[in-house]
Amino acid sequence: MWLGSCASSASATAAALHKPVAHLRPLRVSASCSSSSSSPAPLHTGPTVAARGPSPSPGVAATAMPSSNSAPTTPADETTAAATSGFRLTEPSFLESLMPKKETGVDRFLAAHPEYDGRGALMAIFDSGVDPAAAGLQTTSDGKPKILDVIDCTGSGDVDTSNVVKADADGAIVGASGTRLIVNSSWKNPSQEWRVGYKLVYELFTDTLISRLKKERKKKWDEENQEAISGALNQLNEFEKKHGKPDDAKLKKAKEDLQDRLDCLKKQSDGYDDKGPVIDVVVWHDGDVWRVAVDTQGLEGNKDCGKLADFVPLTNYRLERKFGIFSKLDACSFVANVYDDGNLVSIVTDCSPHATHVAGIAAAFHPEEPLLNGVAPGAQLISCRIGDTRLGSMETGTGLVRALIAAVEHKCDLINMSYGEPTLLPDYGRFIDLVNEVVDKHRIIFISCAGNNGPALNTVGAPGGTSSSIIGIGAYVSPAMAAGAHCVVQPPSEGMEYTWSSRGPTADGDLGVSISAPGGAVAPVPTWTLQSRMLMNGTSMSSPSACGGVALLVSAMKVCLANNCSVDAMRSTFFVPKLRGIYLRGSNACQQTSEWTVQLNPKFHEDASNLEQLVPFEECLQLHSTDSSVVSIPEYILLTNNGRSFNIVVNPVNISSGLHYYEVYGMDCRAPWRGPIFRVPITVIKPIALSGEPPVLSLSKLYFKSGHIERRFINVPIGASWAEVTMRTSAFDTPRRFFLDTVQMCPLKRPIKWEAVVTFSSPSLKNFSFSVEGGLTLELSIAQFWSSGNASHEPTCVDFEIVFHGISVDQKVIVLDGSESPMRIVARSLLASERLVPVASLNKIRIPYRPVECNFCPLPTSRDRLPSGKQIIALTLTYKIKLEEGAEIKPHLPLLNNRIYDNKFESQFYRISDSNKSVYSSGDVYPSYVKLPKGDYTLQLYIRHENVQFLEKLKQLVLFIERKLEKKDFIQLSFYSEPDGPIVGNATFKSSILVPGEPEAFYVGPPSTEKLPKSSPPGSVLVGSITYGVVSSFNKKEEQNQHAPASYSILCVIPPSKVDDNKEKGVSVGTEKSVSERLNDEVRDTKIKFLSSLKKEKEDNKSAWTELVASLKSEYPKYTPLFAKILECVLQESTSDDKISHHKEVIVAADEVVDSIDKEELAKLLSLKPDPEDEESQKTKKKMEETRDQLADALYQKGLALAEIESLKPDESTEASAKDVFEENYKELIKWVDAKTTKYGTLTVLRERRCGRCGTALKVINDMIQEDSEQPKKKLYDLKLQLIEEIGWAHVSAYERQWMHVRFPPSLPPF
């Protein structure tokens, strides 16, 4: 059987505890092979399959976790090994190596049982989405459909199709994008109701595909733009030939207009940013099923291609198993699924080639080339996309839970998941709870990758490496794979674990890696990659290899059961020890004997009979220890249905330093051939203690060959906070690549990991430094990359030295409370003399927000109904954010962030949108920074759970907006040797020498009020870091100190704002008015304020408003603020009825403002320069500027109204006097302000447009848009689009229309 030959000798056993850790989030893929001796680093995470064979016989020590892959070798040993290693490929063996099966015995199994090739097994692929058009994924080996369903579980492809429209007499409808669409008359639609929606197609594509499309579309766009530039240049040249250098003002402006057109086209090319075309989605019910059609004309730019009427309608994939292709240009296939009675359509694409590659390894079927078949070519698949295109390809909680629901609904036998990341707690979290239910209750086998964070121990990731219900897979490479798939010149002489494959154990002692399987393959990829298959490697690839192997066994078992075969080994019971493992990691734990209690419980399926199965159950188990001198146990236990406990005594006192692995396992006394019934892994790490001042570990003459790993376990001295490393290589010829890893384990914290990948092109020396935690065991792992140096006969000689340094402080997190008082810090060095050089900087600010709105909603579709029948509930929290200036911000949720698998809430998702409903940023557990212009924003946070009581507790969840300060605004804090230093300004503390054991105290001062960032409300927190030491061992030649890598957080609370002195002073005595004057002013201002509160929609209010206006005008006939307020009220009126009358009313109100101002006096006063020390003249100056702004605003609004009246009477000849009024008004405006600024520029644009100078008008509006630091204004962009269409630049118009959908969408997208 294939399970018996997964790995050979030490590499197989090493894989068991050296479990791969998945890359953070989606596992990325390397798609290239190298002809050199050093292959590229793996970019994919995938599981590998290493067999868990029976435990060694009693009394034989287990060797699953050697401290290195093999004993250090001498140069002579290396030469001998190199001389004897020779590997040759034939064409068949080369093809076999591209899709490895021999390594796991699959080839022999299928040769003996060809009908057990996965037939009858259904596998769910939890990944980035499988392409149903990919090679080898159409049918199974027995002719059945390969892929039964394709689902986007994330919601990133969802389209709102709740808008219902009817076709006109010509059979046309208006799509959600505003495009007129012709409906195919042959489509059956009894209701004649068409549901419409639209999607920006780039939101469905991967970054790689988008990049390719942008290049191809830009090339075509450049051709069209160059043609337009040539036309504009010809027009300009012809004008110059005809008029030369004109003196006439009109001719000059005409020439400027032609030049502006040319300049606009050139700038348009420079600023080209393709946001992609819009696709219209149309949904209808044909009487039997929901149908979907897509209009993709914008993709190829050819109006004859991609028409809605030419589209072959789709329905939910599981019903007809049909897919579409967007266009020949992208070659991207997609699937459509309809939910919520047609109100929602999910357009399903893949978000990376990863899933298709994984599916190909597991189950591809190539009848024309059987050697390239997947492991189980007879198996069927469902594709559950958990990677979200909005997040690149990272998984989301929503995607994970919906995928589990789909797997149960389809009655899957297996799940493969090649995603994962490090975790805070093993075997914990909402997703893990649901996985346990799926595995235990619904009997689905769950297989997942262990990760790509090796070679250090404790690097397995969640969920594959840390969950009891999931089989975690490591990655293995054979000589054939190295020579064939990886194109290595000289493959290794024997198979090994990939260097980067993660290793166990978990934090609670579980094995971590269950088995290892081939971790690389050349497998199918999506059609949009424009190739049929490619090389990828990672534990992402080993997981489907293992899953395919299990599918063969499932296939065989199903055949046996169907044929009523006798399967004595099949039992409905298995045994689960509640203690997942024992893990002793530290010097104190290894200096004493410890006793552990194991509770052993038999586990039955839920439908087990009480009387027939539970009551009579009894098992007599013989217990075995792999080394009784260290691990002592009872000899036998009798186990019944209610379970039984027994004790394990571990005595590691006399073992040597380093890594030791043992097992306790139980055998059925009556059926020992069944092998171990349960196992308890025991890992003991006994670190070495260092001495010296400072403590140092020196390793000399370590010899490395390809794939060799050296591990050292060090008890980091208490007081150490950073380490300095020197690595020297010698005695080699070709370049060598090394992985350097260190890992420390801390309770309730992800492993503290430092890593470096170093290439030595020639013998040389390299230095590193990294932070450490004193008092914790540190693993130092040095590994030569598995394919590095294979073609050389010379081993690498390495000399390695690690020195520990440290400065301990009395408080690791410094909090300045917002007062003027400094914070006292006490520093010590416990290891050796250190130079104390404190440096602190504040570079971010966190502002707290509470939600302004919360909404609970049970999710309506079946994809959000758990297998238990419970419907998932969504809580949406809304936060309002105001930015006074553009900034780079990131949301921060301390309760939920940075945890996806180890979180009891199944999903969190946020989006930030502006007042135009344009989404600037989306994210989940790992928020990212986004640059936002000045303005108001809405952040919506979406949290899901089945338990509404949990969600109720989050109704007032505090969210922080973290804003980066610009570099020039970083706040460097000062240090003092006296408590009054910040106030007095002396006794500055710079540095000192710490003597071991002797404390040194100093103060860190708060930032001065002047340095605090603007718009920082009280209660906000400035965030930064503080360091205390300097790296000393390898920085002596540099003049400046290199700060030690050990840094700590420093926070500063923003204090209350200072009181405004001017408000306290009040009105100056010299200008104080009498009581009656002040009373009159208050009455007048109150009346004017009341005027604006009257709504004119109602007839009663309108008459009251008119009477009040007349009264105020007679009472204050020359009070300009009154007339400005009247104009403001008129502008706020609704204009839906009679627009011309409304604009005339605006003109009248504007004229009243102008008439109330003595313009000559205003000009005179504005021309005077006031005395800066004369408060009265400064006030007069300010008042005059306000009056000028009121005058300019009135002239501006009058000009807009005149232009609107002119546009509303296109068929009537406009009198010359009317044109003169507009021109005179404009000339008056430019006397007072620059009419090309953002505030008044629209009027200049309209003036140039009325004069036929659209090029100049376009230049002005482009300048306005560029200068505007706020959110986009739709009126400006509408006007810009009109100008472009009037000029006749179709390609620019199409480009700008695409952007309109980005800047001004009609609604927010679904979550």
Side-chain angles (χ1 to χ4, degrees), residues 13-19 52 55-56 58-67 423 425-428 456-460 465-468 472 503-514 575-601 621-635 637 643-667 676-687 711 713 715 743-748 751 776-777 779:
T13 50
L17 267 177
H18 300 241
K19 176 167 190 173
R52 263 194 188 173
S55 293
V60 179
T63 58
M65 292 184 64
S67 59
T423 184
L425 285 170
D427 213 29
Y428 169 87
L457 307 185
N458 300 111
T459 51
V460 287
T466 61
S467 310
S468 296
R503 272 74 167 172
T506 61
D508 60 353
D510 189 49
L511 199 61
V513 178
S514 303
F575 301 87
V576 180
K578 285 192 174 180
L579 184 70
R580 284 169 25 105
I582 297 173
Y583 191 13
L584 304 180
R585 182 184 172 108
S587 56
N588 291 335
C590 294
Q591 292 173 4
Q592 58 188 359
T593 301
S594 57
E595 188 169 1
W596 305 77
T597 300
V598 177
Q599 176 67 33
L600 189 63
N601 294 321
L621 300 180
Q622 183 180 13
L623 303 183
H624 298 266
S625 166
T626 56
D627 189 341
S628 57
S629 65
V630 178
V631 179
S632 302
I633 52 172
E635 292 186 10
I637 61 168
R644 181 65 189 273
S645 64
F646 66 93
N647 290 349
I648 298 177
V649 177
V650 182
N651 180 10
V653 176
N654 296 321
I655 64 175
S656 60
S657 61
L659 172 65
H660 302 267
Y661 177 71
Y662 312 95
E663 277 188 355
V664 169
Y665 58 95
M667 305 286 286
I677 302 299
F678 72 90
R679 302 168 185 270
V680 179
I682 302 169
T683 307
V684 181
I685 291 177
K686 195 168 188 177
R711 304 181 192 277
F713 299 92
N715 183 23
V743 173
Q744 290 183 283
M745 302 296 293
C746 191
L748 294 180
L776 298 177
T777 297
E779 177 194 353

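Predicted, not measured: the structure shown is a model, and the values here were computed from it.
In this structure, the side chain to side chain donor-acceptor pair (under 3.5 Å) partners of Tyr583, at least two apart in sequence or on a different chain, are Asn458, Arg585. Ser656 is linked by a side chain to side chain contact (heavy atoms under 4.5 Å, CB included) to His660, counting only residues two or more places apart in sequence or in another chain. In this structure, the side chain to side chain contact (heavy atoms under 4.5 Å, CB included) partners of Val653, at least two apart in sequence or on a different chain, are Asn651. The side chain to side chain donor-acceptor pair (under 3.5 Å) check on Thr777 picks up nothing, with sequence neighbours excluded. Every side chain to side chain contact (heavy atoms under 4.5 Å, CB included) that Ser587 has, sequence neighbours left out, goes to Gln591, Pro687, Asn715. Scored by the side chain to side chain donor-acceptor pair (under 3.5 Å) test, Ser645 finds no partners at all (sequence neighbours excluded). Residues satisfying the side chain to side chain contact (heavy atoms under 4.5 Å, CB included) criterion with Glu595, sequence neighbours excluded, are Asn647, Val649.
The CZ atom of Phe713 sits 4.5 Å away from the CG atom of Leu659 when rounded to the nearest 0.5 Å. Once rounded to the nearest 0.5 Å, the distance linking CG of Leu511 with OG1 of Thr683 reads 7.5 Å. With rounding to the nearest 0.5 angstrom, the CD atom of Glu779 is 4.0 Å from the CG atom of Leu457. Note that OG of Ser625 is 11.5 Å distant from CD of Glu635, once rounded to the nearest 0.5 Å. Of the inter-residue distances, the one linking Leu600 atom CG with Phe678 atom CZ reads 5.0 Å to the nearest 0.5 angstrom.
Here the side chains of Val680 and Ile633 are not in contact, with every heavy-atom distance at 4.5 Å or above. Residues Trp596 and Val664 form no side-chain contact, since every pair of their non-hydrogen atoms from C-beta on lies 4.5 Å or further apart. The side-chain heavy atoms of Tyr661 and Pro681, taken from C-beta on, include a pair separated by under 4.5 Å. With contacts defined as side-chain heavy-atom distances shorter than 4.5 Å, the pair Asp510/Pro426 does not qualify. Side-chain contact between Ile655 and Val630 is present, with at least one heavy-atom pair separated by less than 4.5 Å.
Taking the six-membered ring for Trp and thresholds of 30 and 60 degrees, His624 and Tyr665 have nearly parallel ring planes, at less than 30 degrees apart.
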task = For side chain to side chain contact (heavy atoms under 4.5 Å, CB included), just list the numbers for Ile582 and Ile648, CA-CA rounded to whole Å, side-chain angles, deciding distance to a tenth of an Å, and then say yes or no.
result = CA-CA 10 Å; Ile582 297 173; Ile648 298 177; 4.1 Å; yes
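Between the Ser514 side chain and the Gly472 main chain, a donor and an acceptor come within less than 3.5 Å of each other.
Taking every heavy atom of both residues into account, Val684 and Pro652 meet most closely at CG1-CB, 3.9 Å.
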